[in-house]
Protein chains: 2
Amino acid sequence: MSIATRKQREKEEMRSLILDAARTLFLEKGYFETSIRNIAEKIEYSPGTIYLYFKEKDDIFYALHQEGFRKLIAMMEPLQFVADPFERLTAMGRIYMEFAKNNKDFYDLMFIMQAPMNMEQDDCWVEGDHALEHLKQVLRDCQAAGRFQGKDIDDLSFFIWSTMHGMAALYCRERCQAYDDKDPLTLIDNSFKIFTEMLAKF
Amino acid sequence: MSIATRKQREKEEMRSLILDAARTLFLEKGYFETSIRNIAEKIEYSPGTIYLYFKEKDDIFYALHQEGFRKLIAMMEPLQFVADPFERLTAMGRIYMEFAKNNKDFYDLMFIMQAPMNMEQDDCWVEGDHALEHLKQVLRDCQAAGRFQGKDIDDLSFFIWSTMHGMAALYCRERCQAYDDKDPLTLIDNSFKIFTEMLAKF
DNA sequence: AAAGAAAATGAACACTGTTCATTTTTCCAA
DNA sequence: TTGGAAAAATGAACAGTGTTCATTTTCTTT
């Protein structure tokens, strides 16, 4: 192999090294509480080095943002084998909530954290758009099977996403404490059950 | 009036002065992007002075948190004149969403922002608990009128709150951009309509 | 081995929340 | 009215932040 390709590989390995350290620290102490110096120290490099691989701190955030979406989309793979559209919809919700519950901080990063400004115009949301399109297609399939007649797909998908996101967000940001004795996870499960029951009757 | 009471009053006025400046700046640039020095400069005092009235930056956050809840609870006042429980429930949802739409940053502060650690044990959530209890009571009234039979009040309230919060949170954190052409506010309105329709049939 | 390119460094800059010795202002008794 | 104590305000200092860049180190090529 040429030296150029090794260099290329080393460059990518260094990026991964930084990303791994950043992920660990972000998910441990949070984005704002993690400094570039913390990351640098963890990988035993100087702070300046990180800026040779990422333009700014937000860029690291963005890389993990994409990683999270790839993870979520991968978890959705098995859905293609669920024949019934409505069953596919509920399975999708279950997977979404499972992702949020097991990847609290990834979820936070993807859907709750204030997105850095430079993410707003660029192609940063392609993965997110992909996932949303997936939901909309399932809903179209449901409509083709006679469900949710006359409802706008955008409105409907936003409504369903909102409910899922609401549970996940209240969970991630510790607002379930309001139900002090109840376990947040069963609260979510029961709430999800009510939701599917309701959608089924609709 | 005694001097002691004037002192007392002046102390409170100073607190308000700081809070007013902080509110303006927080809602303008966000909590993390606002520094104590920014607040001090706005009120034309030295940074140190602020620490004579608030133990730390988070304390200012907490004060505004309470203010937001008082505001929301005040907006809920008229609900007592809505006789029908289900109508009261939908009206409640409408007010909640109205609050979120018109007080984006207050909403963010109250329900989305990572709450400072010292809030977790203290009596910081009394206002929040009050508001949640309000929702639960309305739901109990609905059940007394024959609606939502056999559903646990905690689960049900969490489900409904989640849906409202989901819309508000996606709105506040700019995730409605995913529907690029649609106006977020009408998206919310339409989604809310679907929700009430569904609850009515349930 | 020497020259040139690439990679890594760490001091420096302007900022952050917070503390605290010092100064200024206010109060009240003599 | 003045002296001294108490209260209020100050701003320098500390240890931290993201980011930049001249300098040094390491690697590659001739």
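Proteins come first, then strands; the chains are lettered A, B, ... in the order of their sequence lines, and each starts at number 1.
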Among all residues two or more places apart in sequence or in another chain, which pass the salt bridge (charged side-chain N to carboxylate O under 4.0 Å, His left out) test with B/Arg37? none
Kindly state which residues belonging to residues 15-24 of chain B come within less than 4.0 angstrom of DNA chain D, counting heavy atoms of the residue only, listed by number. none
Salt-bridge contact B/Asp59-B/Arg15 (side-chain N to carboxylate O under 4.0 Å): no
Every protein N/O lying under 3.5 Å from an N/O of nucleotides 15-17 of chain C:
from	atom 1	to	atom 2	distance (Å)
C/dT16	OP1	B/Ser35	OG	2.8
C/dG17	OP1	B/Thr34	O	3.3
C/dG17	OP1	B/Ile36	N	3.2
C/dG17	OP1	B/Lys57	NZ	3.2
C/dG17	OP2	B/Ile36	N	2.8
C/dG17	N7	B/Arg37	NH1	2.7
C/dG17	O6	B/Arg37	NH2	2.8

A/Arg147/A/Asp141 salt bridge by N-O under 4.0 Å criterion: no
Measure the acute angle between the ring planes of A/His134 and A/His130, then classify it against the limits of 30° and 60° as parallel, tilted or perpendicular. perpendicular
Passing candidate, side chain to side chain donor-acceptor pair (under 3.5 Å) with B/Lys29, options B/Thr34, B/Thr24, B/Asn38: B/Asn38
Residues 192-202 of chain B side chain polar contacts: donor-acceptor under 3.5 Å, at least two apart:
from	atom 1	to	atom 2	distance (Å)
B/Thr196	OG1	B/Phe192	O	3.3
B/Thr196	OG1	B/Lys193	O	2.9
B/Glu197	OE2	A/Lys151	NZ	3.2

Pull out every protein N or O sitting under 3.5 Å from an N or O of nucleotides 5-9 of chain D, one pair per line with the distance.
from	atom 1	to	atom 2	distance (Å)
D/dA9	OP2	B/Tyr53	OH	2.5

Test of ring centre spacing under 6.0 Å for A/Tyr96 and A/Phe111: yes
SB check A/Arg140 A/Glu133 (cutoff 4.0 Å): yes
Give the ring-plane orientation class for A/Tyr179 versus B/Phe158, where under 30° counts as parallel, over 60° as perpendicular and anything between as tilted. perpendicular
Test of understanding: with ring-ring contact (aromatic ring centres under 6.0 Å, His included), list the residues that count as partners of B/Phe26, not counting sequence neighbours. B/Tyr31
Between CD of A/Gln8 and P of D/dC27 the distance, given in whole Å, is 19 Å
